[in-house]
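Worksheet for the structure shown next.
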There are 2 protein chains.
Amino acid sequence: MLNYSISEENYLKAIYHLQKTDGTVSTNELAKELNTKPASITDMMKKLKAKKLLNYQPYRGFRLNAYGTKVALTIIRRHRLWEFFLAQKLKFSWDEVHEVAEELEHVSNKKLIDRLDEFLGFPRVDPHGDPIPDVNGKIEVSKKINITELPLHTAGTVASISDQSSEILELLEHRNITIGTKIEVNKKFEFDNSMEIKIGRQAAFTISEQLAKNIFVDHAK
Amino acid sequence: MLNYSISEENYLKAIYHLQKTDGTVSTNELAKELNTKPASITDMMKKLKAKKLLNYQPYRGFRLNAYGTKVALTIIRRHRLWEFFLAQKLKFSWDEVHEVAEELEHVSNKKLIDRLDEFLGFPRVDPHGDPIPDVNGKIEVSKKINITELPLHTAGTVASISDQSSEILELLEHRNITIGTKIEVNKKFEFDNSMEIKIGRQAAFTISEQLAKNIFVDHAK
DNA sequence: AAATAAATTTAGGCAAACCTAAAAATTATA
DNA sequence: TATAATTTTTAGGTTTGCCTAAATTTATTT
Ligand SMILES: [Mn+2]
Ligand SMILES: [Mn+2]
Ligand SMILES: [Mn+2]
Ligand SMILES: [Mn+2]
């Protein structure tokens, strides 16, 4: 596996995340994600294609190939292991880890990452509940459901949060919602799709549709 | 304290180390240290001068000013804390830590470094025996002497190694010489300045002048 | 099926950090 | 103190990764 620049690594990671939802990624989409201009995306797509990391036909969008996916997964592995380290060992809160991991992930020494993994006890998920790829880049796919799809009065365990801005994480922290929290939905209001939820013995409270859409739970069916 | 590029940080650190021996650093000297060409040094010196990090007169060499020294010390702090982390927590050998720390040192989040320091128990020296600057950039200056100046038959404790190439560190490891090792000089040979030394209960053996010049000891006078 | 709108690419530039070759300044030597 | 050698700087390029503005292609409306 060759060495890639910080920019190339950030592009690969962003494409990986975007193509999970869409099948193929568009120039504008990626430009927005990376806070750059569409012209810069086209430049980089030519380069990444030349380096055989993705498939790209002008005007037709792009998609990582098998090799590009493998590279993306090693970067995601680094990112999530560092996030776990920051949260677990350095007592960073879960809304602070992402920004720092965004830089640490580009230190590409393999021994460093594998030893870190071992030191941390081979964690399987990062502080946001996202799975950590193993040494071989294998990633665990768990069947999580969105809280809006959780049947009423049925306990679900918070497994991950899709939006990871510090704003949402701050709000969740304030509401005592964290990975592992047991949640039950009491009622859904059709008017604005808000819902009343209950956590443990606390009094029930209401959350907005916007927030609910970002909370995923493991649902012991 | 502003943010500097990876290149700028590497230049600052190199100048700091070079000016400890010489008073002022020359273009060629720094080019050699950084494996670049003299013309590149001149380019960068103009930039660092414009950023008020050093004093520089064309053809007259350069020297960090107070502010540049402070910046250099925060980079050295990061470098040595990561070296300590790698050796202590990730079981890297002391000849492997430098290369990785060379990359990790450029992640400039202050909270990360201060928390890492705390996590490691505020270590005072890195795996090569070099002092780690504290939160305020303060560095401990210890009065070490070179082993060639150690009186015969007097125990000294290895405190640091000046050359830190993996070649020398590998050799020292093989010879069972590490930070903290107690050494006694049995005899010096004027012919080639080699010397016979003794470590603990081991049989005495000979080391070259070249090697000896890199070993510094704390000498309980 | 035109016409219009939106998305994407191309063309041409810029800054950072390098480089080589030539010019200029400094230092050493005869 | 000239002359030669060495060191340093300048001039002019290159590559990477970004930008704006214009051209082109594709998609959406009438
Ligand atoms: Mn990143
Ligand atoms: Mn994460
Ligand atoms: Mn470095
Ligand atoms: Mn060191």
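Chain identifiers are assigned alphabetically (A, B, ...) following the order of the sequence lines, protein sequences preceding nucleic acid strands; residue numbering begins at 1 within each chain. The structure presented is a predicted model; accordingly, all values stated were derived computationally and were not measured.
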Numerically ordered, the residues 25-35 of chain A set in heavy-atom contact under 4.0 Å with DNA chain C is Ser26(A), Thr27(A), Asn28(A)
Exactly one of Glu170(B), His128(B), Glu173(B) clears side-chain hydrogen bond (donor to acceptor under 3.5 Å, both in side chains) with Trp94(B), and that residue is Glu173(B)
Only residue of Glu105(A), Glu9(A), Glu102(A) satisfying salt bridge (charged side-chain N to carboxylate O under 4.0 Å, His left out) with Arg78(A) is Glu9(A)
Please determine if Lys111(A) forms a cation-pi arrangement with Phe92(B), meaning its NZ or CZ atom is less than 6.0 Å from the six-membered ring centre and no more than 45° off the ring axis. yes
Whole-Å distance, Glu9(A) CD to dT16(D) C1', equals 15 Å
So, is Arg60(A) close to the dA27(D) phosphate, meaning a side-chain N or O under 4.0 Å from OP1 or OP2? yes
Residues Lys51(B), Glu8(B): salt bridge by 4.0 Å N-O rule:
yes
Practice problem: With salt bridge (Lys or Arg N to Asp or Glu O under 4.0 Å) as the test, would you mind laying out the steps for Glu96(B) and Arg115(A) before giving the verdict? | Solution: CA-CA 13 Å; Glu96(B) 295 172 317; Arg115(A) 288 282 176 92; 5.2 Å; no
- [ ] Could you check whether the rings of Phe85(B) and Phe119(A) sit parallel, tilted or perpendicular, using 30° and 60° as the cut-offs?
- [x] perpendicular
Result for 5'-nearest mapping on DNA chain D, choosing between Pro58(B) and Pro58(A), is Pro58(B)
Residues of residues 37-45 of chain A with a heavy atom under 4.0 Å from any atom of DNA chain C, listed by number, are Pro38(A), Ala39(A), Thr42(A)
- Task: Check whether any side-chain nitrogen or oxygen of Lys46(B) sits under 4.0 Å from OP1 or OP2 of dT10(D), and answer yes or no.
- Result: yes
Has Ser7(B) got a side-chain N or O lying under 4.0 Å from the OP1 or OP2 atom of dC18(C)? yes
**Prompt:** Between dT9(D) and Tyr56(B), is there an OP1 or OP2 to side-chain N/O distance shorter than 4.0 Å?
**Reply:** yes
NA contact type, Tyr11(A), heavy-atom cut-off 4.0 Å: base, sugar-phosphate, or nothing? sugar-phosphate
Leu48(A) atom CG is separated from dT9(C) atom C1', nearest whole Å, by 16 Å
**Asked** So, Glu209(B) and Lys213(B), do they make that salt bridge, N to O below 4.0 Å?
**Response** yes
From CG of Asn10(B) across to C1' of dA16(C) the rounded distance in Å is 15 Å
Look at the rings of His98(A) and His79(A) and say which category their plane angle falls in: under 30° parallel, 30 to 60° tilted, over 60° perpendicular. tilted
Taking 4.0 angstrom as the limit, do Arg77(A) and Asp117(A) come out as a salt bridge? yes
